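Right, one structure below, let's go through it.
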Amino acid sequence: MRPKIAQNTQHSSDIALLYMAYLASEPEKLGAFCNQSGLGQTELTERLQDVAFQGFLLDYLLQDESELLAFAAENNLKPEAIMIARSKLPGFSYDS
């Protein structure tokens, strides 16, 4: 059995990768992400297993409430579960 922290990180990674698949299924959205991030599609593929990059993916998602709600609904997730997942990946900072 994996430690609880590893399980939390794995679940967070799964959500980030699910979001990447969601983006990839819509070329216009993937193009917008590539433009904003400065990464090409080849670079995206190379970075997918990097947990810091996965955190960046979820940061990108969390910037747009309508996108967040659409992604959450399509994947049967609560929007707040995505914020929790983001908090388990490197680079998370909460400024109140």
Side-chain angles (χ1 to χ4, degrees):
M1 186 164 138
R2 289 188 281 182
K4 188 172 186 173
I5 292 173
Q7 288 175 339
N8 287 342
T9 301
Q10 183 60 51
H11 179 70
S12 298
S13 291
D14 292 345
I15 291 175
L17 295 175
L18 187 62
Y19 180 57
M20 187 71 245
Y22 175 84
L23 281 177
S25 72
E26 299 193 30
E28 186 175 303
K29 289 182 181 187
L30 181 60
F33 176 79
C34 288
N35 286 337
Q36 187 170 347
S37 69
L39 298 171
Q41 292 183 15
T42 301
E43 294 168 297
L44 291 177
T45 302
E46 292 170 355
R47 299 195 58 196
L48 284 177
Q49 296 306 313
D50 177 358
V51 291
F53 179 70
Q54 293 168 5
F56 175 73
L57 279 169
L58 294 182
D59 285 338
Y60 180 80
L61 172 59
L62 291 165
Q63 292 180 80
D64 183 337
E65 185 177 10
S66 63
E67 180 77 354
L68 171 65
L69 295 175
F71 170 74
E74 184 170 310
N75 291 283
N76 200 30
L77 295 168
K78 293 181 179 180
E80 55 271 16
I82 297 164
M83 176 58 98
I84 293 167
R86 174 59 188 106
S87 74
K88 305 297 181 194
L89 295 169
F92 177 75
S93 174
Y94 177 75
D95 295 323
S96 54

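Keep in mind it's a predicted model, so treat the numbers as computed, not measured. The basis for the numbers below is simple: all heavy atoms, side chains too, and nothing from hydrogens, waters or symmetry mates.
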Nearest heavy-atom approach of A81 to I15 is O-CD1, 4.4 Å
When clusters are formed by joining ILVMFWY residues with side-chain heavy atoms under 4.5 Å apart, either directly or through shared neighbours, do L23 and L69 land in the same one? no
Scan residues 68-87 for pairs that pass side chain to side chain donor-acceptor pair (under 3.5 Å), counting only residues two or more places apart or in two chains. D59-R86
Return the set of residues passing side-chain hydrogen bond (donor to acceptor under 3.5 Å, both in side chains) with S66 (not counting sequence neighbours), or none when no residue passes. D64
Over all atoms of both residues, closest heavy-atom pair of A72 and I82: CB-CD1, 4.0 Å
For residues 40-47, which side-chain donor-acceptor pairs fall under 3.5 Å, sequence neighbours excluded?
{"from": "E43", "atom 1": "OE1", "to": "G40", "atom 2": "N", "distance (Å)": "2.6"}
{"from": "T45", "atom 1": "OG1", "to": "Q41", "atom 2": "O", "distance (Å)": "3.1"}

Suppose the criterion is salt bridge (Lys or Arg N to Asp or Glu O under 4.0 Å): which pairs have a residue in residues 16-29, not counting sequence neighbours? E26-K29, K29-E67
Find out whether F53 and L39 are in side-chain contact, i.e. whether some heavy atom of one side chain is under 4.5 Å from a heavy atom of the other. yes
Donor-acceptor pair, side chain of Q54 and main chain of S12, under 3.5 angstrom: no
Return the orientation label for the F71 and Y19 ring planes: parallel under 30°, perpendicular over 60°, tilted otherwise. perpendicular
Which atoms form the tightest heavy-atom contact between L48 and L17, and what is the distance? O-CD2, 3.5 Å
Side chains of L68 and M83, heavy atoms from C-beta outward: is any pair under 4.5 Å? no
Identify the heavy atoms of P90 and V51 that sit nearest to each other, and give their distance. CG-CG2, 3.5 Å
Identify, with sequence neighbours excluded, every residue that meets side-chain contact (heavy atoms from CB on, under 4.5 Å) alongside Q63. Q36, Y60
Would a single hydrophobic cluster contain both L62 and I84, if residues Ile, Leu, Val, Met, Phe, Trp and Tyr are joined by side-chain heavy-atom contacts under 4.5 Å? no
With a 4.5 Å heavy-atom cut-off, do L57 and F33 have their side chains touching? yes
